[in-house]
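None of these values were measured; they are calculated from a predicted model. The figures here come from the full heavy-atom set of this structure, side chains too, leaving out hydrogens, waters and symmetry mates.
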Amino acid sequence: MPAQRGPFTVTETGIIWRCTRCDNDNPLDAQICSVCGTRFADILNPPRERPIRDPNNMAMYSLFLPGAGHWQMDLKAQGAARAIVSAWVVMVALLAAIAGATVMAVVFGMAAFVLWMVAAHDAYREARGESQMVLLKPRVFVYLVLGLLMLMIVLLVSAGFRAGRA
């Protein structure tokens, strides 16, 4: 009698896995289903179903706090990253304004505003299931953060050189 646990069955001839899409039995060493092409990894880590949320509410949450809409949709890592980066950019803009670094305050103030609006747009698109319409995909987000960091360093170094000449 074969023993079964989840998608796996132990038979006299070996271990087989059952495709969750087409119910075909495949040998354990098969990387894809021989009938429908489903990857073996997909049966081990099925995509999580996200809760259905109202797109307008998710955009409003993100207008209140960037990343809050993503957090509500169970995209916790994206939500936290967006909130942290937005807070960092706002703090740089505020501290630059207090210190009298007008150029840095204006540039980072505009960046903060754009990040705020893009967070709302992306939360709306994610809630509608239109992930292809999201503006700040993970790779673009990393490049944006690195670009802002480099811009901050350049502006700080140039301000230091100007202060050294005075």
Side-chain angles (χ1 to χ4, degrees), residues 6-7 17 19-21 31-33 36-166:
W17 58 275
C19 178
T20 55
R21 186 176 293 164
Q31 295 296 313
I32 60 171
C33 176
C36 68
T38 300
R39 295 181 319 140
F40 176 67
D42 291 342
I43 70 154
L44 296 176
N45 297 320
R48 283 187 11 202
E49 293 287 327
R50 282 194 310 222
I52 297 172
R53 302 281 193 232
D54 178 36
N56 295 321
N57 286 343
M58 297 306 102
M60 290 302 290
Y61 286 145
S62 285
L63 283 174
F64 177 70
L65 176 67
H70 287 81
W71 188 275
Q72 286 292 320
M73 289 183 287
D74 261 356
L75 299 170
K76 305 256 190 249
Q78 282 189 47
R82 287 172 186 262
I84 290 168
V85 169
S86 294
W88 167 62
V89 172
V90 167
M91 292 304 295
V92 168
L94 289 174
L95 291 174
I98 291 169
T102 309
V103 173
M104 184 179 257
V106 169
V107 169
F108 275 82
M110 289 189 320
F113 178 76
V114 169
L115 280 173
W116 216 288
M117 295 302 112
V118 168
H121 170 272
D122 289 353
Y124 179 83
R125 293 298 182 184
E126 286 283 0
R128 287 190 57 144
E130 299 171 342
S131 296
Q132 70 278 8
M133 301 287 288
V134 169
L135 298 175
L136 277 181
K137 292 179 173 57
R139 181 173 291 180
V140 175
F141 187 76
V142 169
Y143 290 142
L144 173 82
V145 170
L146 291 174
L148 286 171
L149 185 60
M150 292 302 295
L151 178 63
M152 184 178 78
I153 291 169
V154 166
L155 290 173
L156 287 173
V157 168
S158 67
F161 280 136
R162 279 191 305 248
R165 287 186 203 162

Heavy-atom pair of closest approach, residues Ala105 and Ala96: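 Smallest heavy-atom distance, with atoms named: N-CB, 3.6 Å.
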How would you list, by chain and number, every residue that makes a salt bridge (Lys or Arg N to Asp or Glu O under 4.0 Å) with Lys137, sequence neighbours excluded?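 Checked Lys137 against salt bridge (Lys or Arg N to Asp or Glu O under 4.0 Å); zero matches.
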What residues form a side chain to side chain contact (heavy atoms under 4.5 Å, CB included) with [X], not counting sequence neighbours?
| X | result |
| --- | --- |
| Leu115 | Val85, Ser86, Val89, Leu136, Leu144, Leu148 |
| Val106 | Thr102, Met110 |
| Leu156 | Met104, Met152 |
| Ile98 | none |

For Trp17, all residues meeting ring-ring contact (aromatic ring centres under 6.0 Å, His included), sequence neighbours excluded: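 Per chain and number, Trp17 pairs via ring-ring contact (aromatic ring centres under 6.0 Å, His included) with Phe40.
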From CZ (Phe108) to CG (Leu151), nearest 0.5 Å: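 Between Phe108 CZ and Leu151 CG, I get 4.5 Å after rounding to 0.5 Å.
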Measure the spacing between NE2 of His70 and CZ of Arg53 and express it to the nearest 0.5 Å.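 Between atom NE2 of His70 and atom CZ of Arg53 there are 13.5 Å.
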Do [X] and [Y] touch side chain to side chain, with heavy atoms closer than 4.5 Å?
| X | Y | value |
| --- | --- | --- |
| Leu149 | Trp88 | yes |
| Glu126 | Ser131 | yes |
| Leu155 | Val103 | yes |

Could you work out, with side-chain hydrogen bond (donor to acceptor under 3.5 Å, both in side chains) as the rule, every residue matching Arg128, not counting sequence neighbours?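 Per chain and number, Arg128 pairs via side-chain hydrogen bond (donor to acceptor under 3.5 Å, both in side chains) with Tyr124, Glu130.
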How would you list all residue pairs meeting salt bridge (charged side-chain N to carboxylate O under 4.0 Å, His left out) that involve residues 95-124, not counting sequence neighbours?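 Pairs touching residues 95-124 that pass the test: Arg82-Asp122.
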Would you give me the side-chain donor-acceptor pairs under 3.5 Å for residues 57-66, sequence neighbours excluded?
unit_1	atom_1	unit_2	atom_2	d
Asn57	ND2	Asp54	OD2	3.4
Ser62	OG	Gly69	N	3.1

